[in-house]
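Below is one structure, written out as structure tokens; comments come after it.
Counting convention: from 1, in listed order, for ligands and their atoms alike.
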Amino acid sequence: MPKREIIIEPDPILRKKSDDIENVNDQIRKLLDDMLETMYAAPGIGLAAVQVGLLKRIIVIDISKEEKKNPLFLINPKIIFKSKKMSIYEEGCLSIPGHFAEIERPAECHIDYIDYNGKKKFLKANGILSTCIQHEVDHLDGKLFIDYLSKLKKDIIIKKLLKHKKETKKVIL
Ligand code: ZN
């Protein structure tokens, strides 16, 4: 399974809305496998297709801490319920390397989605899984966790990411 390159903010594609999948075929399953491999290698606990440059409503998640992997594949996920109760986690993002911030989100969410085999499913999530799902669904709508921060904090992070991008492009011969 080949790994894919992860797109780093700022990049206009990360701000675009992803499209629904009409048909879960082998091509989509191959993409899910590649995304999972890319996420494990990063390493990360969630990855949306837009982060590897494809505007498709596809997410892979694995919050298991043990050696035993427990991947969750979400196709066309729709958040149908968000609790009033909130929780705060320190979030990071594979597209925003090296930066973390405490973000408050609904503590529980319920989603409808399509699984790896094309079956309709329903899931109730709380704790870190709830935060992770909301973070990844935001990606599908062109939203990043830094959008929840003050403009000042967000600008500082984007400036640093830009600087880092320029530095990594420099080649000394
Ligand atoms: Zn992210």
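For the pair K121 and F73, the NZ or CZ position fails the cation-pi test of under 6.0 Å to the six-membered ring centre and within 45 degrees of the ring normal.
Side-chain contact between I61 and I63 is present, with heavy atoms from C-beta onward closer than 4.5 Å.
With sequence neighbours excluded, the residues that form a side-chain hydrogen bond (donor to acceptor under 3.5 Å, both in side chains) with E108 are H110. K17 is linked by a side-chain hydrogen bond (donor to acceptor under 3.5 Å, both in side chains) to D141, counting only residues two or more places apart in sequence or in another chain. With sequence neighbours excluded, no residue forms a ring-ring contact (aromatic ring centres under 6.0 Å, His included) with Y89.
Distances under 2.8 Å from the Zn ion (ligand 1) pick out the protein N/O/S atoms C93 SG, H135 NE2, H139 NE2.
By the 4.0 Å N-to-carboxylate-O rule, R15 lies close enough to E9 to be salt-bridged with it.
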